[in-house]
Trainee: 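Take this structure, written in C-alpha cells, and hold onto it; I'll ask about it next.
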2 protein chains.
Amino acid sequence: MPPKGERKTRDRLIEVAMELFYQQGFHATGLAQILKQAGVNSGSLYHFFDSKEELLLAVLDRYREILRPVLLQPIFDQVADPVERIFALLGVYRQGLVMTDCAAGCPIGNLALELREFHPKAHQKIAENFEDWRQAVRECLDEAADRLPERVDREALATLILAAMEGGVMQSRAYRAIDPFDASVAMLRDYIDRLLAEGAGRRRE
Amino acid sequence: MPPKGERKTRDRLIEVAMELFYQQGFHATGLAQILKQAGVNSGSLYHFFDSKEELLLAVLDRYREILRPVLLQPIFDQVADPVERIFALLGVYRQGLVMTDCAAGCPIGNLALELREFHPKAHQKIAENFEDWRQAVRECLDEAADRLPERVDREALATLILAAMEGGVMQSRAYRAIDPFDASVAMLRDYIDRLLAEGAGRRRE
DNA sequence: GTCTATAACTCGATAGAC
DNA sequence: GTCTATCGAGTTATAGAC
C-alpha cells in the first residue's frame, strides 16, 4: 500500500494525461504540458512511471475502472428497459459530441487508431476497453433476449452497435456536425425495431 | 503546368508520405523518414510543399483522386448488382485487414481521429473523402431503391454502412482478429436482407 | 517523493550555394 | 530544382541534491 502522498500526485498525473491524450492525442501531447498542467516535476513523474507509455497504460486502466460506475451506472439508474439503456448510452456519447461542437470523440476509439502494432501493451488494454463496452451492450441484449428473434446473434449485434457508435462519432467529428451520428443511430434504431417486431410476432404465434 | 522533372519528385513524396502516414500515423512519421525513403532532400520537399501539413493535404487530395478509378471501378466491373457492390466494397476492406494480419485499417479513418480541430484544412479534406465514399454507397442504394421499402432513408443508411465499416475495422485492429469486422458486416447484411424482404413484400401487394 | 538542471536526441523548417 | 549544413525548439528521459 502506497503512502498517503503518493496517490495524489500519481492520480493527478493520470487524470491530466487522460484529459490531454483525449483532447490532443498521445503523440501530440508532450510530457512538459502534462507536467505543467498537473503542477508536477519531471522527477516525480518518473518516480511513478517508467515512461510515457507506462503513463498511457495507467490511463487505459483508469478508463476501464470508471466505465461501469461513472458511465453505465447513472444511465442504468435512470433507464430500466434494456433496449432503451443501449440507446441512452448512445445518447451520452451524442451529448459529448454536441457539447464540444463535435470536436471530441470516443477516447478509446481515438487511441485505438493512433496506436498501431507498436505499443503492444497499450493495444491490449484498448482491446480490453472495447471488450468491456461491448459486454455491457451484450448484457442489455441478453436481458431483452425473449423480445428478439430466436436466431439473432447478440454478440454480433453488440459488435455492430459499438461499430456504428464509433463510426458515427468519427463521421460527426469529420463534418463537425451531429447529423452523421444521428443518422447512424436512427438506422440502428430502425433495425432493432424490426428485430423486436419479429420477436413480438414470434411470441404471438 | 510544371516542368517534366517536377512531377516525379513531388509524386514520389506524396506516395511515400501516403504509405507512411497510413502505416504509422501523421505525428509518428518524421519528415526525415519520408525524405530517406523517397530519396529526396529536405530542400526539394520544401520546394514543393510549404510544410508537413501541406504534404498531408496533397496526400488527402490523392486519396480522393484514386477512390473511383482504383478502388471502386474494379469492384463495379466485377459485380453488377448494386447491393452486392456495397458488400464487395466491404470485402475489399476485409481483404486489407486480413492481408496485414489486422494491423492496417482505413487510411482516412486513421487520419480522421488523429487530426482534431487543429489542422482545419486537413479536417475539411478528410470530410470530403468520407463524403465521396458515402456518396458511392448512396448511389448503389439509389440504384436498388425500388427493391427497398419506400420510406427508407438511403442517405442515413449509407452513413450507417460507412460507420459500421469504420467501427468494424477499428475493433478488428484492436483485437488483431477479423471477427469483429465480420460480425459487423454480417449484421449489416441481416438488416439489409430484412429491408429487401419488406421491399419485395411491398411490390407483391 | 520532490526538486532543478540537463543530457541526448528528434522534430519541422530554413539558408544559401550550385 | 536539388544539394549540404544547420538552426532553434521540442521531445523523452536521467542525474543527483534535498
Side-chain angles (χ1 to χ4, degrees), chain A residues 1-60 111 114-116 118-123, chain B residues 1-60 111 114-116 118-123:
Chain A
M1 192 179 302
K4 228 179 62 178
E6 182 166 336
R7 273 202 66 76
K8 265 192 81 182
T9 298
R10 195 186 132 93
D11 273 0
R12 211 159 59 247
L13 283 167
I14 291 174
E15 279 152 27
V16 169
M18 187 159 38
E19 185 63 23
L20 290 175
F21 290 165
Y22 179 40
Q23 289 173 355
Q24 310 177 336
F26 177 72
H27 284 111
T29 301
L31 290 178
Q33 190 183 7
I34 294 172
L35 294 171
K36 188 178 171 187
Q37 197 152 319
V40 169
N41 296 100
S42 164
S44 295
L45 190 153
Y46 283 96
H47 171 72
F48 293 109
F49 305 100
D50 286 342
S51 66
K52 187 186 179 186
E53 187 167 357
E54 289 288 324
L55 175 58
L56 171 65
L57 298 182
V59 167
L60 288 168
L111 292 169
E114 186 177 354
L115 306 166
R116 344 236 141 166
F118 342 104
H119 310 278
K121 285 181 191 167
H123 220 255
Chain B
M1 188 180 304
K4 227 180 61 177
E6 182 165 335
R7 274 201 66 75
K8 264 193 81 182
T9 298
R10 196 186 131 92
D11 274 0
R12 211 159 59 245
L13 283 167
I14 291 174
E15 279 153 27
V16 169
M18 184 158 40
E19 185 64 22
L20 290 174
F21 290 165
Y22 180 40
Q23 289 173 354
Q24 310 177 335
F26 178 72
H27 284 111
T29 301
L31 290 179
Q33 190 183 7
I34 294 172
L35 294 171
K36 188 179 171 186
Q37 198 153 319
V40 168
N41 296 101
S42 164
S44 295
L45 189 153
Y46 282 96
H47 171 74
F48 293 108
F49 305 99
D50 286 343
S51 66
K52 187 186 179 186
E53 186 167 357
E54 288 289 325
L55 176 58
L56 171 65
L57 298 182
V59 166
L60 287 167
L111 292 169
E114 187 177 355
L115 307 166
R116 346 235 139 168
F118 342 104
H119 311 277
K121 285 181 191 164
H123 221 257

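Throughout, a chain's letter reflects where its sequence line sits, starting with A, and its residues are numbered from 1.
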Trainee: Ignoring backbone atoms, establish whether A/Asn41 has a side-chain N or O less than 4.0 Å from OP1 or OP2 of C/dT4.
Mentor: yes
Trainee: With axes from five pairs an end, tell me the bend angle of the helix from C/dG1-D/dC18 to C/dC18-D/dG1, nearest 10°.
Mentor: 0°
Trainee: In whole Å, what is the span from the CG atom of A/Leu35 to the P atom of D/dG10?
Mentor: 15 Å
Trainee: Could you work out which one of C/dT2, D/dT2, C/dA13 sits closest to the side chain of A/Phe48?
Mentor: C/dT2
Trainee: Can you tell me how far C1' of C/dC11 sits from CG of B/Leu55, to the nearest Å?
Mentor: 15 Å
Trainee: Separation of B/His27 atom NE2 from D/dT12 atom C1', in whole Å?
Mentor: 16 Å
Trainee: Taking salt bridge (Lys or Arg N to Asp or Glu O under 4.0 Å) as the definition, give me every residue that meets it alongside B/Glu15, ordered by chain and number, with sequence neighbours left out.
Mentor: B/Arg62
Trainee: Can you identify which nucleotide, out of C/dG12, D/dA13, D/dT2, has its nearest atom closest to the B/Lys52 side chain?
Mentor: C/dG12
Trainee: Please report the distance, rounded to the nearest Å, between CD in B/Gln33 and P in C/dG12.
Mentor: 10 Å
Trainee: For B/Val40 and for A/Thr29, find the nucleotide of DNA chain D with the closest heavy atom, then tell me which residue's nucleotide is more 5'.
Mentor: B/Val40
Trainee: Supply the atom-to-atom distance A/Leu56 CG to A/Lys121 NZ, rounded to the nearest 0.5 angstrom.
Mentor: 11.5 Å
Trainee: OP1 or OP2 of D/dG1 less than 4.0 angstrom from a side-chain nitrogen or oxygen of B/Thr9, does that happen here?
Mentor: no
Trainee: Rounded to whole Å, how long is the line connecting atom CG of B/Leu13 with atom P of C/dG12?
Mentor: 14 Å
Trainee: For B/Leu45 and D/dC3, what is the distance between atoms CG and C1' respectively, to the nearest whole Å?
Mentor: 14 Å
Trainee: Please name all residues satisfying salt bridge (Lys or Arg N to Asp or Glu O under 4.0 Å) with A/Glu19, sequence neighbours left out, ordered by chain then number.
Mentor: none
Trainee: Work out which heavy atom in A/Glu114 is nearest to a heavy atom in A/Ala28; give both atom names and the distance.
Mentor: OE2-N, 4.4 Å
Trainee: Return yes if some donor-acceptor pair links the side-chain N/O of B/Arg116 with the main-chain N/O of A/Tyr22 below 3.5 Å, else return no.
Mentor: yes
Trainee: Distances under 3.5 Å only, N/O to N/O: pair up the protein atoms with those of nucleotides 14-18 of chain C.
Mentor:
residue, atom, partner, partner atom, Å
C/dT14, O4, B/Ser42, OG, 2.6

Trainee: Counting only side-chain heavy atoms from C-beta out, which of D/dT4, C/dG12, D/dA13 sits nearest to A/Ser51?
Mentor: D/dA13
Trainee: Taking CG from A/Asp11 and P from C/dG1, how many angstroms apart are they, rounded to a whole number?
Mentor: 13 Å
Trainee: Under 4.0 Å between a side-chain N/O of B/His47 and OP1 or OP2 of D/dG1, yes or no?
Mentor: yes
Trainee: Determine all donor-acceptor pairs shorter than 3.5 Å in which one atom belongs to a side chain in residues 31-46 of chain B; sequence neighbours excluded.
Mentor:
none

Trainee: Kindly write out the residues that satisfy side-chain contact (heavy atoms from CB on, under 4.5 Å) with B/His119, not counting sequence neighbours, or none if the list is empty.
Mentor: B/Phe26, B/His27, B/Glu53, B/Leu115, B/Ala122
Trainee: Taking the side chain as everything from C-beta on, heavy atoms only, tell me whether B/Ile14 gets closer than 4.5 Å to B/Phe49.
Mentor: yes
Trainee: CG/A/Leu55 to CG/A/Leu60 distance, rounded to the nearest 0.5 angstrom?
Mentor: 10.0 Å
